[in-house]
Q: 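Handing you a structure now.
A quick note: this is a predicted structure, and the numbers were derived from the prediction, not measured. Quick note on labels: first sequence line is chain A, next is B, and so on, each numbered from 1.
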Amino acid sequence: MTSKLTVKTLALLLAALMVMASLAAVAAEEFAPGPKLGDKRVRQALLYALDRENFILAQYGSTDIAKVGLAPLSPTSWAFPDESDLNAYAYDLDKAAALLDEAGWTLGEDGYRYNADGLKLSVKWLVYEDSPWPVTLSSMAYDSWKQIGVDLVIDRMDFNTVAAMSMDPEPGEKDFDIYTMGFSLGADPDPSGGLFDYEAFTAGGFNASGYYNERSQELIKAGKTTFGTEERAAIYKEWAALMNDEVPTSIVAYRSEIWGVNDRVSGLDLGTYAEWPDVIRDVTLEGDQILKLGETSFDGKFNPIYADKVYDQWINYCVFEAPIIVNDEGEYVASSIADYELSNENKTYTFTLKEGVKFSDGEPLTTEDFYFTYTMIAHPEYTGPRLSSVMNIEGYDEYAAGTADTISGIQVVDEYTISFTFKDASPANIVEFAYGIVPKHIYDDGTMEGFLSHNMSPVGSGPLVLTDYAPNQFIMLEANESYWDPDNAVKIDGVYITIVPDESKIAALELGELDVAMPAANIDNLRAIEAIDGVHVVSYLGNGYTYMCFNTLH
Amino acid sequence: MRTYLIRRVIQIIPVFLGILLILFFLMEHAPGGPVSTMMDPKLTAEQKAILSERLDPKLPIHQKFFNWIIAAFQGNLGYSIKHRRPVTELLGDFIGPTFILSFTSLILSMLIGIPIGVLSATQQRSLADNASTVFSLVGISMPTFFFGLLLLKFFAVDLRLFPLYGMRDNLLARNATWLARQLDVAWHTVLPAVVLGLASTASFMRYTRSSMLEVIRQDYIRTARAKGLKERVTIYRHAFRNAIIPIITLLGFWIPSLLSGAVMTETIFAYPGLGKISVDAVNTRDYPVILGVNAMLSLLTLVGALVADVLYAIADPRIKYE
């Protein structure tokens with residue numbers, strides 16, 4: 001009996017292995033790496049021949065402000081590997097030349113390299129001019145790559161065109177060798193759907209490199225299905241080290257944020273993962289009780305399910321409250337308005353809202369509002385960036401197709417209990433609840449237009465209330481006098497945010513017109529703030545990074 | 001004159017439609033789209049495609065064109081993709097500040113540019129003339145960005161005479177009297193208006209000067225002088241009136257820019273005008289805003305040219321329209 005079972009198990013295992021092997025073979029067949037950037041040694045050679053430390057000095061003025069990028073995770077993340085395990089590709093032209101020789105690219109008489117088929121090692125880089133760094137980096141690369149025999153063709157355009165040329169075309173039609181772009185890392189390390197995920201190598205997908213690696217895909221999948229921070233950290237550490245070695249896309253630099261803060265402000269809690277209003281919750285001020293903040297621009301979408309600009313989201317975090325927040329370690333945890341439980345093989349999140357949570361107009365926050373917020377995302381006219389929050393929920397497809405009246409995966413149990421069931425279990429699903437809840441009794445008039453009409457005069461349950469707003473001029477946030485949780489209310493009267501051009505932020509700090517401002521991160525600005533009496537610098541590694549993507553099919 | 005006016009107004013319609021058609025064609029063929037810059041890896045290609053269809057439905061260009069025109073006649077310019085607000089509402093927010101800024105700078109540059117132009121023509125090759133030539137060369141070639149920051153450094157930071165940024169003191173605006181609020185706006189507008197007006201002051205100066213030089217050499221000016229008319233009357237009543245034609249042309253072209261906004265000036269002084277909004281709209285491919293702004297500006301350009309034509313006839317009776 002036992003032997004029979006073992007044989008059966010073995011047979012099954014063998015069959016499963018064969019299926020997996022054939023699947024891998026199919027995937028590998030699809031991935032036909034190009035002779036140039038498809039070869040890992042060529043990608044590594046290009047990185048060795050790019051003096052990124054010098055680039056940082058040229059662009060930011062100091063290696064204190066930006067650091068050479070190592071792996072596609074934030075160095076402050078719990079999933080970041082030991083730095084000594086990672087290759088920084090320190091500038092080394094000899095090593096770069098040796099790697100190219102090894103890869104079969106030999107120097108021709110004209111000083112450029114050719115392979116055995118007579119193909120010239122010439123690469124096209126899409127450079128946008130909307131911000132200065134890609135221009136600086138590509139010009140530096142032009143000079144140093146020429147020394148190792150690589151011909152760089154720089155194609156200049158605007159940001160939108162780079163995005164359209166790299167990501168939008170069908171996989172076989174992506175016409176570039178390299179493109180560069182800036183991005184910000186979320187608090188969760190899950191890279192699925194992003195730059196390194198082969199499943200995102202589609203028309204419009206984020207992975208434009210076309211790179212396929214079986215182990216990488218396994219790890220991405222494992223990270224998505226494993227629960228527990230420690231277990232996930234081990235997976236992502238291995239994955240980050242693998243990407244550091246394979247470099248289908250290289251992280252060029254991590255950048256710090258620099259704030260100038262007036263000495264009359266104390267208790268400002270800025271940090272990589274600090275969410276407003278936690279940043280200002282404990283702020284106390286000497287003198288005038290309004291904190292004056294300078295910012296460059298807002299889109300004016302003060303609506304948690306529509307905002308796609310970081311600064312709009314700041315306002316949303318102050319005005320609205322979400323069931324899930326990010327803590328200082330970058331982990332997603334329950335907020336003060338709710339608790340949650342995971343059940344049904346980790347697919348179902350059941351939230352219990354705290355009783356007594358009130359919107360600023362005095363009405364209680366209940367599951368009706370929670371449910372309403374998610375039905376607005378599922379609305380056929382919804383055009384915000386949060387679609388993924390409902391698309392992975394059970395029953396969404398039927399609802400979208402019109403065969404069901406409600407989304408079966410969202411169940412309102414009672415006034416304070418609601419459950420969400422996802423199609424697949426994943427620790428990354430929790431991210432979908434990190435957005436504020438809007439009050440149904442104010443926002444719901446049955447139409448999307450009516451819903452959007454509150455974008456500039458939001459009402460939520462947060463510790464601050466937006467009392468006045470003039471586009472491209474200012475935003476006035478005042479303390480919510482009737483905040484439901486008086487112990488965690490803000491201690492100041494309000495926050496007055498003015499639109500201040502980057503060039504004037506430091507002057508305004510000096511004149512005392514602003515208490516807090518974040519100018520562009522570079523050494524000149526840092527020194528200028530340090531030189532002001534009564535103003536100090538707060539600096540930390542931000543979650544913004546710049547990357548350089550190689551088209552591995554070329 | 002009346003038949004001419006009616007004919008000209010009717011002519012505007014096909015020209016305007018032609019401009020719109022070109023705009024539609026250009027936008028159809030511009031690389032990228034509003035969804036290209038939505039940077040969220042949580043957004044899969046499939047979701048992007050859904051959003052793209054909702055934001056910018058794939059219709060044949062002629063259908064898009066007619067839909068837009070019909071809606072525009074009903075006062076509906078569509079919904080901004082970036083701001084999720086009706087375009088008319090968005091334009092309404094920014095047109096006021098843009099007009100205040102551009103109008104102030106236009107008046108400023110005419111008040112300074114035209115008299116100095118006349119002066120330097122009548123006193124050709126004098127010290128004043130040479131100084132004005134140098135000034136206008138500097139004025140035309142000085143980059144707005146640099147001049148703006150220079151003024152800010154000197155007048156706002158060092159002397160603290162003018163504010164650093166913005167169009168009004170928003171905290172003051174909440175409880176001050178009406179007059180105090182208007183004065184506050186005026187005070188905030190001085191520096192940006194000077195920066196914006198510098199280049200146009202210089203061109204008003206040059207146009208006036210060269211046109212005046214041509215006119216004062218004419219026989220009828222000599223006749224006027226021979227009659228014993230005062231020099232001031234000769235210059236201002238007889239010569240200037242005839243020299244004004246090129247200035248009217250310049251003015252006609254200035255009308256659309258009263259509302260087009262000035263990106264650089266607005267950015268440096270954080271003046272909440274249309275310029276920055278329209279440039280952002282191009283960068284994010286916010287088609288309804290691009291269309292709304294450009295349609296408005298091309299209509300104004302056409303009207304500006306018409307106004308200039310009418311003014312020619314008023315300024316110079318020799319010009320007659322049939």
Side-chain angles (χ1 to χ4, degrees), chain A residues 130 157-161 163-165 167-168 181 183-184 186 191-195 197 200 202-206 290 297 299-301 303 306 308 380-389 391 431-432 452 455-456 468 470-474 476 496 498-501 503-504 507-508 510-511 513, chain B residues 30-52 54-55 79-86 90 93-94 97 145 148-149 152-153 156-157 160 163-168 170-171 173-174 266-273 276-277 280 282-285:
Chain A
D130 303 42
M157 51 193 72
D158 81 325
F159 181 87
N160 200 302
T161 311
M165 283 182 72
M167 296 170 202
D168 292 354
M181 213 168 254
F183 208 67
S184 60
S192 65
L195 284 166
D197 184 359
T202 53
F206 265 89
I290 301 256
S297 76
D299 281 351
K301 282 186 286 197
N303 181 326
Y306 266 95
D308 45 17
E381 285 166 36
Y382 173 72
T383 51
R386 298 268 70 83
L387 258 186
S388 61
S389 297
M391 287 187 93
V431 176
E432 313 298 1
L452 288 172
N455 277 6
M456 285 165 56
D468 208 353
N472 281 8
Q473 296 185 50
F474 76 103
M476 186 77 203
Y496 170 56
T498 7
I499 301 302
V500 181
E503 297 78 25
S504 294
E510 193 178 346
L511 296 180
E513 284 182 29
Chain B
V35 188
S36 295
T37 42
M38 283 194 183
M39 290 295 168
D40 190 337
K42 291 275 159 222
L43 218 58
T44 63
E46 180 198 358
Q47 295 166 14
K48 270 184 162 182
I50 294 174
L51 282 182
S52 176
R54 284 181 191 171
L55 288 169
Y79 240 71
S80 158
I81 294 168
K82 184 179 153 83
H83 303 272
R84 299 314 303 156
R85 296 175 64 197
L90 193 76
D93 268 351
F94 295 105
F145 190 76
L149 289 182
L152 276 181
K153 167 86 181 86
V157 179
R160 303 197 180 188
L164 257 180
Y165 49 80
M167 185 197 172
R168 55 167 63 95
N170 304 299
L171 293 183
R174 309 174 103 212
E266 281 171 20
T267 310
I268 299 166
F269 292 95
Y271 210 86
K276 198 160 179 294
I277 291 291
D280 282 351
V282 173
N283 284 338
T284 53
R285 308 289 191 270

Q: Using a 4.5 angstrom heavy-atom cutoff, name the option from A/Pro471, A/Gly205, A/Ala507 with the most pairs to chain B.
A: A/Pro471
Q: Side chains of A/Ser388 and B/Gln47, heavy atoms from C-beta outward: is any pair under 4.5 Å?
A: yes
Q: Can you measure from CD (A/Glu503) to CG (B/Leu152) and round to the nearest 0.5 angstrom?
A: 9.0 Å
Q: When rounded to the nearest 0.5 angstrom, what distance separates NZ in B/Lys82 from CG in A/Asp299?
A: 3.5 Å
Q: With chain A, which of B/Glu266, B/Arg85, B/Met167 has the greatest number of heavy-atom pairs at distances under 4.5 Å?
A: B/Arg85
Q: Where does A/Ala508 contact chain B at under 4.5 Å (heavy atoms): side chain, backbone, both or neither?
A: both
Q: Is B/Glu46 close to chain A through its backbone or its side chain, or both, or neither, when contacts mean heavy atoms under 4.5 Å?
A: side chain
Q: Can you tell which part of B/Lys153 gets under 4.5 Å to a heavy atom of chain A, answering side chain, backbone, both or neither?
A: neither
Q: What's the spacing between B/Ile268 CD1 and A/Ser504 OG if we round to 0.5 Å?
A: 8.5 Å
Q: Among A/Gly300, A/Pro380, A/Ala200, which residue has the highest count of heavy-atom pairs closer than 4.5 Å to chain B?
A: A/Pro380
Q: Check whether A/Thr161 gets within reach of chain B through its side chain, its backbone, both or neither, counting any heavy atom under 4.5 Å.
A: both
Q: Return the option, out of B/Phe94, B/Tyr271, B/Tyr165, with the maximum number of heavy-atom pairs under 4.5 Å with chain A.
A: B/Tyr165
Q: Taking it one step at a time, do A/Met391 and B/Ile50 satisfy side chain to side chain contact (heavy atoms under 4.5 Å, CB included)?
A: CA-CA 12 Å; A/Met391 287 187 93; B/Ile50 294 174; 3.8 Å; yes
Q: Between B/Asn170 and A/Asp468, does the side chain to side chain contact (heavy atoms under 4.5 Å, CB included) criterion hold? Intermediate values first, please.
A: CA-CA 10 Å; B/Asn170 304 299; A/Asp468 208 353; over 6 Å; no
Q: What part of A/Asp168 is in contact with chain B, defined as an atom under 4.5 angstrom from a non-hydrogen atom: side chain, backbone, both or neither?
A: side chain
Q: Using a cut-off of under 4.5 Å for heavy-atom pairs, which of A/Asp308, A/Ile499, A/Asn472 has the most such pairs with chain B?
A: A/Asn472
Q: Tell me, for A/Met456 versus chain B, whether the close heavy atoms (under 4.5 Å) come from the side chain, the backbone, both or neither.
A: side chain
Q: Sort A/Glu381 into side chain, backbone, both or neither according to what part of it lies under 4.5 angstrom from a heavy atom of chain B.
A: backbone
Q: Hey, which of A/Pro501, A/Gly204, A/Ser389, A/Gly384 has the most heavy atom pairs under 4.5 Å with chain B?
A: A/Pro501
Q: Going by the rule side chain to side chain contact (heavy atoms under 4.5 Å, CB included), which residues pair with A/Asp130 if we only count those two or more places apart in sequence or in a different chain?
A: A/Tyr128, A/Asp158, A/Phe159, B/Asn283
Q: Considering only heavy atoms, which portion of A/Thr498 lies under 4.5 Å from any heavy atom of chain B: side chain, backbone, both, or neither?
A: side chain
Q: Given heavy-atom pairs under 4.5 angstrom as the criterion, report whether the side chain, backbone, both or neither of B/Leu90 touches chain A.
A: neither
Q: Less than 4.5 Å to any heavy atom of chain B: does that hold for the side chain of A/Ser297, its backbone, both, or neither?
A: side chain
Q: To the nearest 0.5 Å, tell me how far A/Phe474 CZ sits from B/Arg168 CZ.
A: 8.0 Å
Q: Which region of B/Thr284, side chain (C-beta onward) or backbone (N, CA, C, O), has a non-hydrogen atom less than 4.5 Å from a non-hydrogen atom of chain A, or is it both or neither?
A: backbone
Q: Identify which of B/Pro272, B/Gly32, B/Pro34 forms the greatest number of heavy-atom pairs closer than 4.5 Å to chain A.
A: B/Pro272
Q: In chain order, what residues pass the side chain to side chain contact (heavy atoms under 4.5 Å, CB included) check against A/Asn455, with sequence neighbours excluded?
A: A/Lys301, A/Asn303, A/Leu452, B/Arg84
Q: Report which part of B/Ala156 has an atom under 4.5 Å of a heavy atom belonging to chain A: side chain, backbone, both, or neither.
A: backbone
